[in-house]
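I have placed the structure first, in the form of structure tokens, so that the comments after it can refer back to it.
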Amino acid sequence: MKQHTVIDSPYGPLTLVADDGVLCGLYMVGQRHRPPEENFGERDDTLFDETEAQLRAYFAGELKEFTLELRMAGTPFQRSVWDQLRRIPYGETRSYGELAEALGNVGASRAVGLANGKNPIGIIVPCHRVVGASGSLTGYGGGLDRKKRLLDFESGAALF
């Protein structure tokens with residue numbers, strides 16, 4: 001059974017979605033691939049205390065790695081990409097090609113990009129840490145401005 005809440009963040013409202021009490025979605029307003037609201041279930045503002053606490057600590061610069069239980073629905077390939085995203089350290093980036101190589105398929109950069117774009121738990125599963133081969137900012141479901149702000153924040157170049 002799905003439930004959701006909406007919390008404030010430096011990026012505006014974030015919608016948190018849980019399936020049987022396990023976080024399965026974090027969506028920004030206007031995010032590409034955001035499911036319809038009716039898929040989020042009933043609102044429950046009491047279910048997400050730990051997620052909210054970790055997000056607050058992250059935005060305060062006090063948390064570098066999330067330790068939440070996650071339920072990520074996707075294909076086996078998508079889940080393998082999302083697992084690689086969680087291995088990118090705070091303040092660092094990887095290219096789509098580097099992720100493809102880590103998955104053992106050097107030619108899969110484009111497929112990695114597509115899977116990255118379908119990440120259902122932004123920020124916590126840090127798809128914003130993936131950049132183009134030249135280090136350029138490319139694609140982000142939450143918008144390139146948000147991606148730049150997150151990367152600047154994590155590198156210490158900006159505060160929220």
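Starting from 1, each residue takes its place in the sequence as its number. In what follows, every heavy atom counts, from backbone to side chain, and hydrogens, waters and symmetry copies are set aside.
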Under 3.5 Å, side chain of Y96 to main-chain N/O of N116, donor-acceptor pair present?
no

Can you find a side-chain donor-acceptor pair between S9 and R56 that sits under 3.5 Å?
no

M72 and N119 have their tightest heavy-atom pair at CE-OD1, 3.4 Å

Quick test of your reading of the model: are D152 and K148 salt-bridged, counting only N-O distances below 4.0 Å?
yes

Can we say E154 and R129 salt-bridge, meaning some charged N sits less than 4.0 Å from an Asp/Glu carboxylate O?
yes

Residues two or more places apart in sequence or in another chain: which of them pass salt bridge (charged side-chain N to carboxylate O under 4.0 Å, His left out) with E69?
none

Do I121 and Y27 belong to the same hydrophobic cluster, where Ile, Leu, Val, Met, Phe, Trp and Tyr are linked whenever their side-chain heavy atoms lie under 4.5 Å apart, directly or via other members?
no

For F59 and F153, the nearest pair of non-hydrogen atoms, with its separation, is O-CZ, 3.5 Å

Can you hop from V17 to V6 via hydrophobic side chains spaced under 4.5 Å?
no

If the threshold is 4.0 Å, N to carboxylate O, is there a salt bridge linking D19 and R71?
yes

Side chains of T93 and V130 in contact at under 4.5 Å (non-hydrogen atoms):
no

Any sub-3.5 Å donor-acceptor pair from D8's side-chain atoms to P13's backbone N or O?
no

Looking at E42, I want to see if its CD is surrounded by more than 12 non-hydrogen atoms of other residues, nucleotides or ligands under 6.0 Å.
no

The salt bridge (charged side-chain N to carboxylate O under 4.0 Å, His left out) partners of E92 (sequence neighbours excluded) come to R94

Is the backbone N or O of C127 less than 3.5 Å from a side-chain atom of W82, with the two atoms forming a donor-acceptor pair by type?
no

Donor-acceptor contact present, side-chain R34 to main-chain M28, <3.5 Å
yes

Heavy-atom side-chain contact between L47 and T5 under 4.5 Å
no

Please answer whether the main-chain N or O of T67 pairs with a side-chain N or O of Q54 as donor and acceptor at a distance below 3.5 Å.
yes

More than 12 heavy atoms of other residues, nucleotides or ligands under 6.0 Å from CG of D44: is that the case?
yes

Holding to ring pair (Phe, Tyr, Trp, His ring centres under 6.0 Å), I want the full list of residues that pass it with F48, two or more places apart in sequence or in another chain.
none

